[in-house]
**Student:** 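Handing you a structure now.
Letters A, B, ... are given to chains in the order of the sequence lines, protein chains preceding strands, and every chain is numbered from 1. These values consider heavy atoms only, across backbone and side chains, with no hydrogens, waters or symmetry-generated copies.
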2 protein chains.
Amino acid sequence: MNKKKSLTLQDIADELGITKMTVSRYFREPERVAKATRERIAKIVENQGFVQNRAPSLMSKAITNTIGVVIPSLSNQVFASLVEGIESITQPAGFDILLAHSGYDARVEERKVAMLLSYRVDGLILCETSHTSKTINMIKQSGIPVVEAMELPESPLDMAVGMDHQRASYDTVSEMVRRGCRHVIYLAARLDNRTRLRQKGYEQAMWDAGLTPSSVATPFHSSFTQGQALMRQALNNYNKIDGVFCTNDDLAIGAMQYCLEKGIRVPYDMAVVGFNALDIGQAMKPRLTSVVTPREQIGIKSAELLLAAISGSRDTQRTFDLGYSLTEGKSW
Amino acid sequence: MNKKKSLTLQDIADELGITKMTVSRYFREPERVAKATRERIAKIVENQGFVQNRAPSLMSKAITNTIGVVIPSLSNQVFASLVEGIESITQPAGFDILLAHSGYDARVEERKVAMLLSYRVDGLILCETSHTSKTINMIKQSGIPVVEAMELPESPLDMAVGMDHQRASYDTVSEMVRRGCRHVIYLAARLDNRTRLRQKGYEQAMWDAGLTPSSVATPFHSSFTQGQALMRQALNNYNKIDGVFCTNDDLAIGAMQYCLEKGIRVPYDMAVVGFNALDIGQAMKPRLTSVVTPREQIGIKSAELLLAAISGSRDTQRTFDLGYSLTEGKSW
DNA sequence: ACTTGAAATGTTACTTGTAACATACTGTTT
DNA sequence: AAACAGTATGTTACAAGTAACATTTCAAGT
């Protein structure tokens, strides 16, 4: 079974003794086609499982009604919510999403952006702020609008929607200190930019409280078992820890489990705080305290801005801070 | 900043006083282009961030070097591994992946398949076995090869790679009984086909052991908090439970946490077994016993079969069972 | 000097849907 | 009967790469 020569508008037109133009109209402005003709076309389309070839309209039309989205990971609830937010806007607007993932690697992002641009997407949403120069070059050349989602880079490529990770971190760690923690350690996995920003906020908060920041990191990407390992390492390296601030909930859960295993009581002996407020943290005993990131809102706002820019009506504001909040659990 | 009229091969050719055919060759078979010319083209491509328009080649070439992949969810480690497996094969072979997600909904799958087919992908990998008739129609019409990954449907659309969920379930529950469980309850979230198959296996194992199966289900999609809720419900409804078999690890973790909270000791008072063997289960105390699904292998095999079929060399075998194993934790 | 052949580049026609404009046909109004 | 509006459909040219074949160029072999 080879790839068949696919059915075309012309094939349908021939079968009905009309021209492909009428069939083309059937799809784009059906009310312009006589009801009888419409039904005859519909019948063939149904029976034969006809799907239009998108290529010619990519060529002849300026707008393709597609946007490209590059997320770093396919298994992170954070980006799932982000994409959900995006789709809630793009789908009713008749836009398709081409999705790609970069594995947190700027060179992979470059490859994926090139692929998306080869399909002449009308806009891009990226979830990272560090890009290769080739990526930047290609995007500039294409002239399409871009939203960088999640962070608030100092000089965005174009537009940015996100929150201030460093500040969220600063505030949260400050509150840990206010609640009595004196030796808070920062646990970090593979260092992407958001991890670094959160670390900065943590360090600042510690210095400002007259305390000394210390962190434990792993080059592996974050996971529950890495969280365990980091907690073990932290306990080995430092002997007066009374709190850990984790770059995300995966690590926090792992850390909390390790404490449980070693008889370290959370929060009495050890405060554990995470970032992102995933569902898992809510199911834990004790319930995890975590920074809530407005990821679905970020997706919605990003898509709205992008569609506005595509249709030519840009906001003068380029950067949108959607803030953050906190789920207060029982882990601090 | 509007979408610019994008740079074309012709533009580059004009700038160098050659024809676009030579520039086209530069991309497809660079060794056929004189070194000097090659370098002149390269310079422009680099400087201007040129990206080829894919549309014309979608039209003029039979093969597009792309495959479409539809996964049900963007936040499930299971499908992340599957896609990783797929890409490990397709990328070195020069194939791009167009990714879409269906949210476990056959009508959304239909929309996404239509979108992918409109780009004339050379093959499809789907992760579900229940499709709308329109989906089936469109795929049949296109004539491209399809792999259904994860399960082993009785009559696959085309090819299938996966494992026997019912059997894995049967064996695992049988082992729970052998270890002394007498009142095992099945916990299920939103009923997709795999959940149903696992339930069947569970029920069969219970009947075969002379025991009565009972289950607790929720229409919501699975999550850790749903796991807690289901465990609560199970304990309310049935008063002699000594084990739960969960349709996946999310539910199992939630269930285990609920037990912990209520002072029910796992595994002494209650055995908890999950499905998929995610990292989180390994970080739990007690470590979760779970069925290991060979998802990366499924991805690899699916991609291999698909690429083989695209290049015209099909295996006679249509269905591939990659088996399963078990991580034995401390939760049974 | 002449042939040969391989390397480099060019020419032409084709892919399929769509914008823009043109035409045919119907029934209604004056 | 002529004019007209409105609906339905048709005609033509075009988008940007590529397959297939054609041509040019130039050094090597006789």
**Student:** Could you tell me how far apart B:Lys35 (NZ) and C:dA8 (P) are, to the nearest whole angstrom?
**Tutor:**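 Roughly 12 Å, once rounded to whole Å.
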**Student:** Could you check whether B:Lys20 pairs with B:Glu15 (Lys NZ or Arg NE/NH1/NH2 to Asp/Glu carboxylate O, under 4.0 Å)?
**Tutor:**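 No, this pair does not count.
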**Student:** When all nucleic acid strands are considered with a 4.0 Å heavy-atom cut-off, which category describes A:Ile18: base, sugar-phosphate, or nothing?
**Tutor:**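 Here A:Ile18 touches the backbone only, sparing every base.
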**Student:** Using 4.0 Å as the upper bound for N to carboxylate O, is an ion pair formed by B:Lys61 and B:Asp122?
**Tutor:**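 Salt bridge: no.
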**Student:** Which one, D:dA16, D:dG10, C:dT11, comes nearest to the side chain of B:Thr8?
**Tutor:**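 Minimum distance to the B:Thr8 side chain belongs to D:dA16.
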**Student:** Does a donor on one side chain sit under 3.5 Å from an acceptor on the other, for A:Arg107 and A:Thr132?
**Tutor:**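 There is no such pair (donor and acceptor under 3.5 Å, judged by atom type) between the side chains of A:Arg107 and A:Thr132.
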**Student:** Can you tell me the distance, in whole Å, between the CD atom of A:Glu29 and the P atom of D:dT9?
**Tutor:**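 After rounding, the reported distance stands at 13 Å.
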**Student:** Taking the side chain of B:Thr22 as heavy atoms from C-beta outward, which of C:dG10, C:dG17, D:dT9 is closest to it?
**Tutor:**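 Output: C:dG10.
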**Student:** Tell me whether the side-chain N or O atoms of B:Arg25 pair up with the base of C:dG10 as donor and acceptor below 3.5 Å, since no angle test is needed here.
**Tutor:**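 Such a pair is found, so the answer is yes.
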**Student:** Is A:Ser24 near enough to C:dT16 that one of its side-chain N or O atoms lies under 4.0 angstrom from OP1 or OP2?
**Tutor:**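 Result: no.
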**Student:** Using C1' atoms of five pairs at each end, report the bend of the helix from C:dA1-D:dT30 to C:dT30-D:dA1 rounded to 10 degrees.
**Tutor:**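 About 50°, once rounded to a multiple of 10°.
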**Student:** Answer with yes or no whether the side chains of B:Gln77 and A:Ser75 bring together a donor and an acceptor at under 3.5 Å.
**Tutor:**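 Note: A:Ser75 and B:Gln77 side chains meet the donor-acceptor criterion.
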**Student:** Kindly say if A:Gln52 contacts the phosphate of C:dT18, meaning a side-chain N or O under 4.0 Å from OP1 or OP2.
**Tutor:**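 Affirmative; the distance criterion is met.
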**Student:** How close or far is atom P of C:dA19 from atom CD1 of A:Ile63, stated in whole angstroms?
**Tutor:**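 My rounded result for the distance is 12 Å.
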**Student:** For B:Lys20 and C:dA13, what is the distance between atoms NZ and C1' respectively, to the nearest whole Å?
**Tutor:**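 Going from NZ in B:Lys20 over to C1' in C:dA13 covers 11 Å.
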**Student:** Consider the side chain of A:Ser60, meaning its heavy atoms from C-beta on, and name the nucleotide among D:dG10, D:dA15, D:dG17 that approaches it most closely.
**Tutor:**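 Selected nucleotide: D:dA15.
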**Student:** Among C:dT18, D:dA16, C:dT16, which nucleotide has an atom closest to any side-chain atom of B:Asn53?
**Tutor:**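 Of the candidates, D:dA16 comes closest.
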**Student:** Without hydrogens or angle criteria, can the side chains of A:Glu151 and A:Thr129 be said to hold a donor-acceptor pair below 3.5 Å?
**Tutor:**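 Yes.
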**Student:** May I ask you to verify if any side-chain N or O of A:Arg28 is less than 4.0 angstrom from the OP1 or OP2 atom of C:dG17?
**Tutor:**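 For C:dG17, OP1/OP2 do not have a side-chain N/O of A:Arg28 under 4.0 Å.
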**Student:** To the nearest Å, how far apart are A:Met59 CE and C:dT18 C1'?
**Tutor:**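 Rounded to the whole Å, the gap is 10 Å.
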**Student:** Give the rounded distance in Å between these two atoms: CG of A:Leu9 and C1' of C:dG17.
**Tutor:**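 Spelled out: CG on A:Leu9 to C1' on C:dG17 is 6 Å.
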**Student:** May I have the distance from A:Asp14 (atom CG) to C:dT16 (atom P), rounded to whole angstrom?
**Tutor:**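 Result: 12 Å.
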**Student:** Specify the separation, in whole Å, of atom CZ of A:Arg120 and atom P of C:dG17.
**Tutor:**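 Taking CZ of A:Arg120 and P of C:dG17, I get 20 Å after rounding.
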**Student:** With no hydrogens and no angle check, just 3.5 Å: does a side-chain donor-acceptor pair link B:His101 and A:Glu87?
**Tutor:**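 Side-chain D/A pair, B:His101 to A:Glu87: present.
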**Student:** When you get a sec, tell me which of C:dA19, D:dA19, D:dG10 is the closest nucleotide to the side chain of B:Lys61?
**Tutor:**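 The answer is D:dA19.
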**Student:** It should be established whether A:Thr19 places a side-chain nitrogen or oxygen under 4.0 Å from OP1 or OP2 of nucleotide D:dG10.
**Tutor:**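 For D:dG10, OP1 or OP2 has a side-chain N or O of A:Thr19 closer than 4.0 Å.
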**Student:** By the 4.0 Å heavy-atom rule, please label B:Val23 as base, sugar-phosphate, or nothing.
**Tutor:**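 Nothing, no nucleic acid heavy atom in range.
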**Student:** Determine, step by step, whether B:Thr195 and B:Asp192 satisfy the side chain to side chain donor-acceptor pair (under 3.5 Å) criterion, reporting the C-alpha distance in whole Å, the side-chain angles of both residues, the deciding distance to 0.1 Å, and the verdict.
**Tutor:** CA-CA 5 Å; B:Thr195 298; B:Asp192 72 342; 2.8 Å; yes
**Student:** Base, sugar-phosphate, or nothing: which does A:Ala34 touch, judged by heavy atoms less than 4.0 Å apart?
**Tutor:**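 Answer is sugar-phosphate: A:Ala34 comes under 4.0 Å of backbone atoms only.
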**Student:** Strictly by salt bridge (charged side-chain N to carboxylate O under 4.0 Å, His left out), give each pair with a member in residues 46-58 of chain B just once, sequence neighbours left out.
**Tutor:**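 For residues 46-58 of chain B: B:Arg54-B:Asp96.
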**Student:** By nearest nucleotide on DNA chain C, pick out whichever of B:Pro56 and B:Met21 is the more 5' one.
**Tutor:**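 Closer to the 5' end of DNA chain C: B:Met21.
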